[in-house]
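Predicted model only: the values in this text are computed from it and were never measured.
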Amino acid sequence: MDNFQTVLRFFMNQKATIGYSFMALLTIGGERVFSMVSFQCPCNHDQNFAYGLTFLLGPAGVLLILGLFFSTRLWRLYTGCCLNPMKLCPRGNCFGSLRVFMNIFSGACVAPIMWLCVALLNGTFYECAVSGLDDNLVVDLFCKNKTLRCREELARVPCDRSKLTADERMELLLMFRAQSQILGWCIIIISAFVGLLGTCYTNCRSKVSYLQLTFWKRYVEKEKECFDTFAADYANKLAERNLHSFFGNNDPAPFPFPNHRAWEEISALHTFSRSEQYYSTLQRYVERTDRDFTPEKRPVLDVEHGIEMH
């Protein structure tokens with residue numbers, strides 16, 4: 001039993017690394033499926049570039065949008081800001097909100113960068129896109145010291161329809177793939193370097209020590225886990241109470257519920273202060289001495305979602 005708990009604790013501590021590894025495997029698998037099943041380079045000057053670039057950048061754009069869409073931190077920052085723009089600048093700290101958004105955006109860029117790196121290292125999409133360029137500089141680069149037929153057949157090199165000799169075609173393909181892989185490794189190195197610089201800058205500007213920052217991260221994770229569990233249990237009890245009242249045809253039993261202002265306060269972005277040392281907006285709220293305990297008489301929600309509003 002102790003060994004199982006040790007293994008479980010290890011996986012919990014390394015869940016970020018495991019998650020990124022799983023994402024990398026999915027990206028590699030997705031790229032292979034695209035290359036083998038759906039990708040068919042048209043091999044003509046008019047379509048090669050647009051077609052290859054679409055397969056190279058299209059999935060990356062979709063992954064970026066999905067990363068932003070499934071970011072709870074983004075929706076926590078954005079929800080209600082049209083009606084109350086000050087939500088974007090809690091306590092007047094607009095720079096902090098901008099920093100949070102940059103963190104959200106950088107986190108959403110992980111999957112697109114993985115896709116670009118894997119796709120470029122494979123080289124299939126790149127060779128199709130580059131072979132369709134009509135720019136004289138690009139054509140001269142690949143067809144330098146070659147016959148005029150090389151210029152005419154460059155767009156057909158990714159396919160088997162080229163009239164070039166097998167050696168000439170293989171030479172051009174190797175040049176395409178070499179450039180694609182160099183570009184892929186450049187993106188990997190730049191991303192790793194930027195990630196290291198960002199981590200160093202964040203830790204250097206941290207208002208707390210390394211151990212306190214570690215505790216802070218653990219607390220935020222545990223608070224989220226406990227909130228999800230407690231909220232589900234509390235919602236279940238409220239639903240049972242309402243159903244008992246409805247089917248029993250009697251008045252509902254008193255049920256404490258946070259008011260609208262309380263929900264607004266604990267949903268705001270958290271800003272750390274050495275004078276207070278609260279680790280979340282929830283902790284700041286529950287430790288306040290002037291909390292408003294006035295219960296909410298009915299739900300305060302958006303008309304768009306089919307619910308009443310005060």
Side-chain angles (χ1 to χ4, degrees), residues 12 15-16 67-108 202 205-208 212-242 252-310:
M12 290 299 294
K15 60 183 181 181
L68 293 173
F69 184 79
F70 289 109
S71 173
T72 55
R73 296 181 69 194
L74 175 64
W75 298 121
R76 187 168 184 169
L77 175 70
Y78 178 76
T79 302
C81 68
C82 291
L83 298 179
N84 183 13
M86 288 306 297
K87 284 186 175 182
L88 295 176
C89 300
R91 297 183 165 191
N93 187 14
C94 295
F95 178 75
S97 299
L98 179 61
R99 186 175 57 200
V100 170
F101 182 77
M102 290 302 297
N103 289 338
I104 295 170
F105 185 78
S106 61
T202 301
R205 298 282 298 176
S206 175
K207 297 180 180 180
V208 298
Q212 190 175 6
L213 183 62
T214 303
F215 172 81
W216 188 357
K217 292 178 180 178
R218 292 287 179 85
Y219 171 79
V220 171
E221 291 177 0
K222 292 299 180 182
E223 183 185 88
K224 184 180 183 302
E225 292 175 5
C226 293
F227 181 87
D228 292 340
T229 303
F230 195 88
D233 182 61
Y234 210 72
N236 184 59
K237 292 178 180 178
L238 179 60
E240 289 180 352
R241 171 257 203 182
N242 293 338
F255 198 90
F257 202 76
N259 58 32
H260 178 65
R261 183 178 294 276
W263 284 109
E264 288 289 320
E265 290 192 23
I266 69 168
S267 299
L269 285 175
H270 177 256
T271 52
F272 186 84
S273 172
R274 288 194 185 93
S275 60
E276 297 177 336
Q277 292 203 20
Y278 298 135
Y279 293 101
S280 69
T281 51
L282 178 62
Q283 184 185 6
R284 177 184 285 124
Y285 175 78
V286 299
E287 294 190 13
R288 279 177 48 187
T289 57
D290 59 339
R291 286 162 53 189
D292 182 9
F293 291 100
T294 305
E296 200 68 64
K297 295 182 179 179
R298 59 175 180 166
V300 181
L301 293 165
D302 198 344
V303 178
E304 269 184 30
H305 298 91
I307 342 176
E308 294 179 305
M309 188 174 221
H310 269 350

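Arg241 contributes a side-chain N or O that, together with a main-chain N or O of Ala253, makes up a donor-acceptor pair within less than 3.5 Å. Remark: the backbone N or O of Ser267 is paired with a side-chain donor or acceptor of Arg76 at under 3.5 angstrom. Under the 3.5 Å distance criterion, the side-chain polar atoms of Thr229 are left unmatched by any main-chain donor or acceptor of Cys226. In terms of modelled atom types and a separation under 3.5 Å, the side chain of Gln283 and the main chain of Tyr279 share a donor-acceptor contact. In this structure, the side chain of Trp216 does not engage the main chain of Ser280 through any donor-acceptor pair within 3.5 Å.
When all heavy atoms of Ala262 and Tyr285 are compared, the closest pair comes out as CB-OH, 3.3 Å. Shown here for Ala108 and Gly67, the closest heavy-atom pair between the two residues is CB-C, 3.8 Å.
With respect to Glu265 and Arg288, a salt bridge is recorded, a charged nitrogen being found less than 4.0 Å from a carboxylate O.
Atom OG1 of Thr72 and atom NZ of Lys224 lie 6.0 Å apart (nearest 0.5 Å). Atom CZ of Phe255 sits about 9.5 Å away from atom CD of Glu240, to the nearest 0.5 Å. To the nearest 0.5 Å, atoms NZ (Lys237) and CG (Asn242) are separated by 14.5 Å. We find the CZ-CD1 distance between Arg261 and Ile266 to be 14.0 Å, quoted to the nearest 0.5 Å. The line from CD of Gln212 to NZ of Lys207 is 12.0 Å long, rounded to the nearest 0.5 Å. To the nearest 0.5 Å, atoms CG (Asn103) and CG (Leu98) are separated by 9.5 Å.
Counting non-hydrogen atoms of other residues, nucleotides and ligands closer than 6.0 Å to CZ of Phe105 gives a total of 12 or fewer. By the 6.0 Å contact criterion, OH on Tyr234 is enclosed, its count of non-hydrogen atoms from other residues, nucleotides or ligands being greater than 12. Crowding of Tyr78 atom OH: a count of heavy atoms from other residues, nucleotides or ligands under 6.0 Å not exceeding 12.
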For this session: Start with the C-alpha gap between Phe70 and Trp75, add the side-chain angles, then the distance that decides, and say whether side chain to side chain contact (heavy atoms under 4.5 Å, CB included) holds.
Result: CA-CA 9 Å; Phe70 289 109; Trp75 298 121; over 6 Å; no
Problem set entry | Leu74 and Phe69: CA distance, side-chain angles, deciding distance, side chain to side chain contact (heavy atoms under 4.5 Å, CB included) verdict | CA-CA 8 Å; Leu74 175 64; Phe69 184 79; over 6 Å; no
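Under the 4.5 Å side-chain criterion, counting only non-hydrogen atoms from C-beta, Leu77 is not in contact with Arg73.
Just one residue in the list Thr214, Leu213, Val220 forms a side chain to side chain contact (heavy atoms under 4.5 Å, CB included) with Lys217, and that residue is Leu213.
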